[in-house]
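Atoms considered below: every heavy atom in the structure, side chains included; atoms not considered: hydrogens, waters and symmetry mates. On a predicted model such as this, the values are computed, not experimentally measured, just so you know. Throughout, a chain's letter reflects where its sequence line sits, starting with A, and its residues are numbered from 1.
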Amino acid sequence: MKKTISIFLILVAASFGLLASCKPAVTTATEETTAVTEETKPAEETTAAEEKGKVIGYSANFAFFNDATTDWVNGITDTASKRGVSVIVLDAKGDVTKQLADVEDLITRGVDGLVIWPNDSKAIVPAVEAANKAGIPVAVLDRGSEGGEYITLVAGDDVAASKNAAEFIADSIKGPGYVLELTGAPGSQVVANRSKGFAEGITKNPNLQLITQPTDWTIESGLKVTENVLQAHADDLLAIWAHSDEMAIGGLEAVKGANKVGKIMVVGYGAFTPMVELIKKGEVAAAVGFPSWTMGVALANALLDYMEGKEVANPILIDEPMVTKDNVDAWKRGRE
Amino acid sequence: MGDDLDKVEEVVVRKGIIPSLSFTTIIKYIGRYTIYLVLVSMMIILSFLSPHFLTLSNILNVARQVSIGAIVAFGMMVPLLAGEFDISVGSNMALASALVIGLMGREGVYLAFLVALGAGLLIGLVNGLFNTKGKIPSFIVTLSTMGIVRGLVFLYTKGNSSMVAGNAPDLFFILGKGYIGPIPFPVIVMLIIFLACALVLSWTKFGSHIYAIGGNRQASHLFGINVDRHIIYAFMVSGFLAAFSGIMLASRLSATQPTAGTGAEFDALAAIVIGGTKLSGGKGSIARTLVGVFIIGLINNGINLLGIETFYHTIIKGAIILFAVLFEQIRERRQ
């Protein structure tokens, strides 16, 4: 009897484990999209006869990790469903091996088009080549693939945006003093690009010295690193810039904790909802606007246009404007 | 080794070279407290490297930074001493953070706290039940609950970060941002929990039973100790403290993200191992875990204070941890 119970419990636990690894939220999005497609099909019959019933796949490095990734998923699925195409979203959760398997899976399922947000531009090459071999058009998001063919890359111009942010800070502060750059987890091209752009731009003001410290993309690490740096630079830290809103929020908390609000300028990256509120309140000076929704829409449209036989630009670089108190109301990331 | 030391002691003490305080005792003391020596040496070295290190402000800063991780580590110690792993603590933290921020607006701060802590206890209970009654190894159980709870957090928050409304009650903010005099509130909470755990583990029957179970489960069972119940309670303590630290984290950050606490279980394990506690259970002290937590905190603090370039970070962290544990191992072998 005991053995039966244990076997039963192990099976239950195992199935929990399996369920946990298949994010329910992702399935919901797919089911929702399919349902919507069913409804819009009749309306689309005359205008997009070729696209009717088509399916595209989206292999995401992360599907619902933060506002940007969520926007990408929603931008793609919304746009596709408006054009009568359904989307299968697979979440690799940052695991490059899983992503390769995900793409294989989508190819096997016979998708008509493929969107990939690669975990790693080098590692994704076999997946892209496999899709090429199967005759499936591939569009990539945020970072390219160093092999294989893709019809377009949709990305924000991180280097230019970061340089812009640096110049914004350089113009706003006289100095002399220090600027703290809170980078994302080292190793990704995104981090390298943003650091590169920022380093170029900050030279505009020779009175400002740059301190660069890594974080792990979390609010907590932004807070802790800033607290530590403030110990050494209590009086001469003038500005904080982060590779994402989260670390900027952490940095802001550290500034508040040290009673330096107003004396240290905080600039974020992303300008998502929490950051927009902070900019409106004046607690954060500005943030680089990351138009993730617009990117998702542009990506889906590009892929579907290509599938219809139209010409598509490559790459498609989306503007990342500086969002400040003056223009924050106009900043909608293209969602509304 | 002991014999040689005795002989040396005989010669040294007899010749009056050093007073009669036992030579071997000194060596043994140095051996037993190696990890504390490592901590002190690090502080000495850092104070030379940066003038900003050995200030009251910075030391309190480090103490505050390690406090949340320390509470998680203390919680993990309880089932660990009984021989079981709880790696669901990170996800537990995230759930508590998300719940407390999500519910605070509508339900009020007290109810939000209760629900968050209750969820933590429940997770501990589930872990305990599957481990004891289900006879599933704790690593697997807590690995599964880690995944399930993390998924629940994503479901609840829909993948979005959430910020605390500015008009949230003071009680909530005091936990993470308050002070008693110059000492940050989280540090005080950490010390209180530290004392509570130390007392329970060393002075109560429950504590000695936990050690016994970790040392020899069969024998404990034969002695009449209700092993299953103790382990379930141990997991519940771990779950409770993880949830509590999640609430403190939400308070400290005035925000939470669904990925909060990711890796917290491994940071806690690292602190425990660096402190010298064996992962097999039955032996170890909370004090050593506190030291381990501080050693890691000091490394991070030093790196930021000195503005060390990013690419050296992981090298330095790895090297220091390697050497810290090396000294412990030398001590072990000598014994």
Side-chain angles (χ1 to χ4, degrees), chain A residues 2 5-6 8-10 12-14 16-17 19-25 28 62-67 69-70 73 178 183 186 191 195 211-214 216-234 245-246 249-250 252-253 256-257 272-274 277-278 281, chain B residues 50-53 55 57-58 61-62 64-65 68 129-130 133-136 140-141 143-152 154-155 157-163 166 177 184 249 252-263 297 300-311 313-314:
Chain A
K2 262 194 187 157
I5 295 183
S6 352
F8 170 74
L9 282 166
I10 290 176
V12 170
F16 271 147
L19 272 175
S21 53
C22 316
K23 276 232 184 64
T28 318
F62 283 99
F64 294 105
F65 188 76
N66 59 21
D67 294 308
T69 58
T70 309
V73 172
Y178 288 87
T183 78
V191 171
S195 280
I211 303 173
T212 305
Q213 288 291 292
D216 61 4
W217 294 112
T218 62
I219 304 176
E220 195 184 354
S221 57
L223 170 63
K224 283 184 176 177
V225 172
T226 310
E227 281 177 340
N228 286 334
V229 172
L230 273 173
Q231 289 297 318
H233 293 281
D245 281 349
E246 280 88 19
I249 291 173
L252 175 66
E253 284 301 312
K256 285 182 180 172
F272 295 104
T273 317
E277 292 306 306
L278 289 173
K281 278 196 258 181
Chain B
S50 169
H52 304 278
F53 175 72
T55 63
S57 160
N58 188 48
N61 169 48
V62 177
R64 178 179 48 196
Q65 290 190 352
I68 292 174
L129 283 174
F130 271 100
K133 306 300 178 194
K135 303 221 187 315
I136 304 174
I140 298 180
V141 174
L143 184 64
S144 308
T145 46
M146 172 169 99
I148 295 171
V149 174
R150 180 66 63 182
L152 289 173
F154 271 96
L155 271 176
T157 62
K158 300 195 181 43
N160 298 319
S161 308
S162 22
M163 301 203 59
K177 299 194 213 278
L249 183 64
R252 190 146 129 74
L253 303 179
S254 292
T256 186
Q257 46 191 141
T259 50
T262 307
N300 287 321
N301 177 252
I303 286 179
N304 292 147
L305 275 183
L306 299 170
I308 294 182
E309 233 186 278
T310 305
F311 300 123
H313 285 208
T314 44

- Is the backbone N or O of V62(B) less than 3.5 Å from a side-chain atom of E227(A), with the two atoms forming a donor-acceptor pair by type? no
- Message: So which residue, Q65(B), R64(B), E309(B), M163(B), ends up with the most heavy-atom pairs under 4.5 Å with chain A?
- Response: Q65(B)
- Identify which part of I68(B) has an atom lying under 4.5 Å from any heavy atom of chain A, answering side chain, backbone, both or neither. neither
- Working for side-chain contact (heavy atoms from CB on, under 4.5 Å), residues N228(A) and N61(B): CA-CA 7 Å; N228(A) 286 334; N61(B) 169 48; 2.9 Å; yes
- Item | S50(B) portion near chain A, given a 4.5 angstrom heavy-atom threshold | neither
- Message: Among D245(A), V225(A), T218(A), L230(A), which residue has the highest count of heavy-atom pairs closer than 4.5 Å to chain B?
- Response: V225(A)
- Using a cut-off of under 4.5 Å on heavy-atom pairs, state which of L306(B), T157(B), L305(B) scores highest against chain A. L305(B)
- Query: Nearest heavy-atom pair of P274(A) and S161(B): which atoms, and what distance?
  - Reply: CG-O, 4.5 Å
- Query: What is the minimum heavy-atom distance between V229(A) and N304(B), and which atoms define it?
  - Reply: CG2-O, 4.0 Å
- Item | Residue selection (most heavy-atom pairs with chain B, distance under 4.5 Å) from I211(A), L223(A), T183(A) | L223(A)
- Residues in salt bridge (Lys or Arg N to Asp or Glu O under 4.0 Å) with E220(A), at least two apart? K224(A)
- F64(A) and F154(B) have their tightest heavy-atom pair at O-CE2, 2.8 Å
- Query: What part of T314(B) lies closer than 4.5 angstrom to a heavy atom of chain A: side chain, backbone, both or neither?
  - Reply: neither
- Which answer fits E246(A), side chain, backbone, both or neither, if we ask what part of it has an atom under 4.5 Å from a heavy atom of chain B? side chain
- Identify the two heavy atoms, one from Q213(A) and one from G307(B), that lie closest to each other, and give their separation to 0.1 Å. NE2-C, 3.4 Å
- Item | Residue L278(A) versus chain B: region with a heavy atom under 4.5 Å | side chain
- Task: Check each atom of I249(A) against the heavy atoms of chain B and say whether the ones under 4.5 Å are side chain, backbone, both or neither.
- Result: side chain
- Message: Does any backbone or side-chain atom of R252(B) lie under 4.5 Å from a heavy atom of chain A? Answer side chain, backbone, both or neither.
- Response: both
- Task: Examine the side chains of Q231(A) and N301(B) and answer whether a donor and an acceptor come within less than 3.5 Å of each other.
- Result: no
- Note on the structure: For F53(B), the ring pair (Phe, Tyr, Trp, His ring centres under 6.0 Å) test, sequence neighbours excluded, returns none
